[in-house]
Amino acid sequence: MWRQFWRKVQRITAKILTEPSLRRWLFACVIAVGILAGVGGYTFFYAEGPSYLSDDPKSCANCHIMNSQYDSWQKSGHHAAAVCVDCHLPTSFIPMYAAKAMNGYHHSKGFTLQDFAEPIQIKPINSQILQNNCLRCHGPMVDTMLPGATTDRDAIRCVHCHRAVGHGPPAGLGRTDQGLAKEMPRGVVLPKSFRQKEPK
Amino acid sequence: MTRETPSTSRMRTALIVVLGITAVVTAAVTLLLVNIFERKSEAYAPWVRFEKVDEDTTDPAIWGRDFPRQYDSYQRTALPTQTRFGGHGGSEALPEEKIERDPWLKRMFQGYAFAIDYRDRRGHAYMLTDQENTLRLTKPQSGSCLHCHASVMPLYRKLGDGDAFKGMDATHKMSYTETHQMLKDMGHLHPVSCVDCHEPASMSIRVTRPGFLRGIAEFANSSQGAPFAPSIEQWRKGNKKRPYDPNRDATRQEMRSFVCAQCHVEYYCSSEIPLTFPWGKGLSVESSEAYWNALKFPSGERFFDYRHAETGAEILKAQHPEFELWSQGIHARSGVACADCHMPYMRDGASKVSDHWVRSPLLNIQRACQTCHYLPESEIAARVDVIQERNYNLLQRSGAAINDMIDAIVAAKEQGVAEAALQPVLELQRQAQWRIDYIAAENSMGFHAPQEAARILGDAIDMARQGENMAMRLSRGCPTTAPVPAESPATPETPDASPAPADGADAEVPAEAPAVDTATVAGNI
């Protein structure tokens with residue numbers, strides 16, 4: 001059967017190449033596909049496509065929507081222990097790329113069409129992925145505290161209380177740092193403009 | 001064999017279809033490429049300057065050519081907006097009269113122009129129009145009013161030969177119509193404009209209004225704690241050689257409140273003395289009251305805004321102390337600025353701008369509240385509604401109390417009770433009305449500091465009922481006791497702040513201000 005199919009392809013190719021009118025159309029097709037490959041390839045690289053195959057947190061903020069999440073992650077407790085994908089994607093190969101593809105599709109569609117609701121919120125399925133990842137590392141310590149299945153829709157997620165572990169407190173919150181002398185370690189020499197007279 | 005090979009024409013059609021599909025896909029990819037390019041350029045947030053703007057560019061449309069995003073949202077302040085307790089809806093020419101809706105409000109203002117006309121608010125775009133059209137202008141009004149209703153700085157600089165403070169001090173003696181005409185002749189008759197809060201060269205936010213600059217410097221010199229403005233507490237720890245200047249000392253986050261505090265505050269703006277913010281003793285309701293009580297008119301008389309037409313009490317009229325009430329609340333303590341909720345950041349493509357459509361956060365819960373509060377919109381709205389409804393109910397009870405008190409005073413007067421014996425009652429009316437008005441005129445229905453608002457109204461109801469009781473006892477010749485004083489001020493003094501300079505509020509009255517018959521004061525504002 002394969003041999004028959006192959007022969008047919010050979011015959012069609014031979015005909016296109018010998019028939020002058022078909023040859024012209026083939027030539028046009030080849031050029032068009034070439035242009036598509038060129039523009040498509042360039043777009044892929046211009047859109048920093050390869051970065052999405054990595055686990056670099058910077059690529060999650062490529063489009064700037066996640067800027068505050070990226071900024072606050074850098075100041076959070078988990079900064080040293082986990083990057084974005086450690087918490088937000090499954091670990092095994094196929095589920096990981098499936099989740100990546102699904103989220104990638106939603107994000108690029110939303111950002112291109114600008115039709116998503118803000119502030120952005122996590123989808124239930126991603127929330128479950130997140131919960132699984134909390135337990136992946138902390139499970140041994142907390143399994144006795146969890147009363148039932150953590151996959152229940154109503155089960156309380158770790159981040160319900162530990163909200164700030166991943167992204168830190170929301171940007172702009174917290175009392176403004178007063179930078180008063182009592183908080184300054186002794187012996188630190190500040191630039192002249194920052195120097196305060198010691199309170200008596 | 002030929003039967004298995006497609007005909008030339010069919011193969012041609014197939015090739016053409018392949019070509020067509022490739023062309024469409026290429027077009028789609030190019031579209032995507034251009035879209036990505038646009039988003040990337042937005043992310044650089046570039047702007048092109050076509051116009052040269054300077055301190056005298058008061059027309060916002062000129063700034064708008066360079067900053068179209070901000071200008072677009074600024075123009076939306078002309079849209080009618082309404083929440084349950086604020087604003088006005090519909091397309092009627094003028095908002096509803098507050099004094100018709102709440103008769104006790106009208107009664108409190110008897111003897112004052114607010115009993116003539118006092119309506120619901122509209123957006124920033126109407127601040128000048130509504131002032132030009134208010135029926136309060138049928139009484140003589142001072143030029144001070146334009147401090148906040150127009151882009152007035154060029155006029156101040158002109159009147160003060162370059163010194164805006166001197167210029168402002170010249171306007172309270174001028175009439176509103178005269179000042180308005182001067183501003184019109186100079187071509188600066190615009191409502192609050194870009195230049196009032198933005199430095200024209202760098203676009204950084206700054207404060208311009210002399211009234212605020214003076215008031216906040218006086219506050220910095222007081223000993224009341226300033227948890228809402230760490231830079232003030234820091235300045236107090238320094239050598240205090242230069243007076244506190246927000247444009248130099250404040251952080252950017254503080255400035256995002258201070259620009260609003262140039263106007264959304266309690267002040268005196270009639271013709272006896274220059275525009276004054278009563279902050280020399282602190283920002284709480286009691287501190288401002290103490291400031292006014294200590295202030296003397298040039299004639300030597302104690303400060304008051306008007307004499308109540310029915311009782312003769314010397315009344316303090318509270319303007320809209322949004323900044324002061326906010327400063328006593330939890331959001332202020334947490335470092336949340338006015339602009340965080342009233343002008344929240346919004347995303348426009350990949351660029352971030354602050355929304356210049358200044359409005360109630362209740363109309364914008366997503367961006368105003370949910371950035372910090374991870375709760376459904378309906379839950380946030382419901383929580384705010386509970387706070388505001390409680391405040392509204394307390395306010396209505398205080399209105400009923402002040403009404404009964406005035407009834408009792410009028411009855412006592414008819415009974416022939418001596419003026420001197422009634423003095424403590426009139427004093428209680430002054431105190432109670434000041435507190436009720438402080439919350440009634442404040443534009444958040446208590447939300448800016450719910451507990452503080454409830455405390456103030458609780459004190460007010462108590463004072464009004466004490467006064468009513470006293471007046472009734474006097475009418476019947478029963479013995480009276482001295483009024484129970486209110487609690488100590490809400491904000492405790494900062495233990496580590498240096499003591500207030502022994503200035504005494506008397507020093508704040510400019511010596512050169514001329515004596516004006518107090519009867520004219522009664523008609524002002």
Side-chain angles (χ1 to χ4, degrees), chain A residues 4 7-8 11-12 14-16 19 21-22 24-26 28-44 46-48 62-65 67-68 108 111-114 117-119 121 160 163 169-182 196-200, chain B residues 1 4-6 8-9 11-16 18-23 25-27 29-33 35-37 39-40 42-43 227-231 233-234 236-239 251 253-254 333-337 340 345-352 366-367 370-374 496 498:
Chain A
Q4 218 174 359
R7 261 194 223 124
K8 188 171 171 177
R11 271 202 311 279
I12 292 175
K15 182 161 180 182
I16 292 176
E19 197 85 35
S21 67
L22 289 179
R24 257 181 293 157
W25 283 110
L26 178 74
C29 278
V30 167
I31 290 187
V33 170
I35 292 173
L36 175 58
V39 174
Y42 180 71
T43 306
F44 183 72
Y46 184 68
E48 287 157 66
N62 270 351
C63 72
H64 308 283
I65 298 289
N67 270 358
S68 57
S108 35
F111 191 59
T112 305
L113 303 179
Q114 297 282 306
E118 284 178 286
Q121 288 175 355
H160 182 86
R163 188 173 286 287
L173 263 198
R175 200 169 157 201
T176 323
D177 184 2
Q178 301 192 39
L180 297 178
K182 61 179 179 201
Q196 273 285 317
K197 211 184 151 188
E198 277 291 312
K200 294 203 172 84
Chain B
M1 293 296 261
E4 282 180 27
T5 312
T8 310
S9 63
M11 282 170 66
R12 192 188 296 126
T13 317
L15 282 174
I16 290 171
V18 169
L19 185 65
I21 290 171
T22 317
V25 174
T26 311
V29 171
T30 316
L31 212 64
L32 182 66
L33 179 65
N35 184 288
I36 296 168
F37 175 72
R39 298 274 167 270
K40 281 200 175 194
E42 279 166 358
F228 61 93
S231 75
E233 292 186 346
Q234 198 170 29
R236 284 172 180 168
K237 287 177 196 289
N239 59 22
T251 63
Q253 181 67 3
E254 286 162 17
R333 280 198 95 102
S334 309
V336 181
D340 284 325
Y345 288 119
M346 59 176 183
R347 201 181 47 74
D348 189 353
S351 62
K352 177 179 154 193
Q366 273 195 346
R367 285 197 251 117
Q370 286 184 315
T371 314
C372 302
H373 299 285
Y374 302 111
D496 55 351
S498 46

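Convention: sequence-line order gives letters A, B, ...; per-chain numbering from 1. Values in this document were obtained by computation on a predicted structure and should not be read as measured data.
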**Asked** Is it the backbone or the side chain of A:Ser21 that comes under 4.5 Å from a heavy atom of chain B, or both, or neither?
**Response** side chain
**Request:** Using the side-chain contact (heavy atoms from CB on, under 4.5 Å) rule, pick out the option among B:Val25, B:Val18, B:Leu19 that qualifies with B:Ile21.
**Result:** B:Val25
**Message:** Quick check on A:Gln121: does its CD atom have over 12 non-hydrogen neighbours (other residues, nucleotides or ligands) under 6.0 Å away?
**Reply:** no
**Asked** Heavy-atom distance under 4.5 Å to chain B: side chain of A:Phe111, backbone, both or neither?
**Response** both
**Asked** Does CZ belonging to B:Phe37 count more than 12 external heavy atoms closer than 6.0 Å?
**Response** no
**Fill in**
Rounding to 0.5 Å, atoms CZ (A:Phe44) and CG (B:Leu32) come to a distance of 12.0 Å
**Asked** Quick one: what part of A:Ile31 sits under 4.5 Å from any heavy atom of chain B, side chain, backbone, both or neither?
**Response** neither
**Prompt:** Non-hydrogen atoms of chain A under 4.5 Å away: do they reach the side chain of B:Arg12, the backbone, both or neither?
**Reply:** both
**Message:** Could you check whether any side-chain heavy atom of B:Leu15 comes within less than 4.5 Å of a side-chain heavy atom of B:Met11, counting everything from C-beta outward?
**Reply:** no
**Message:** I'd like to know which of A:Val39, A:Leu26, A:Thr112 tops the heavy-atom pair count under 4.5 Å against chain B.
**Reply:** A:Thr112
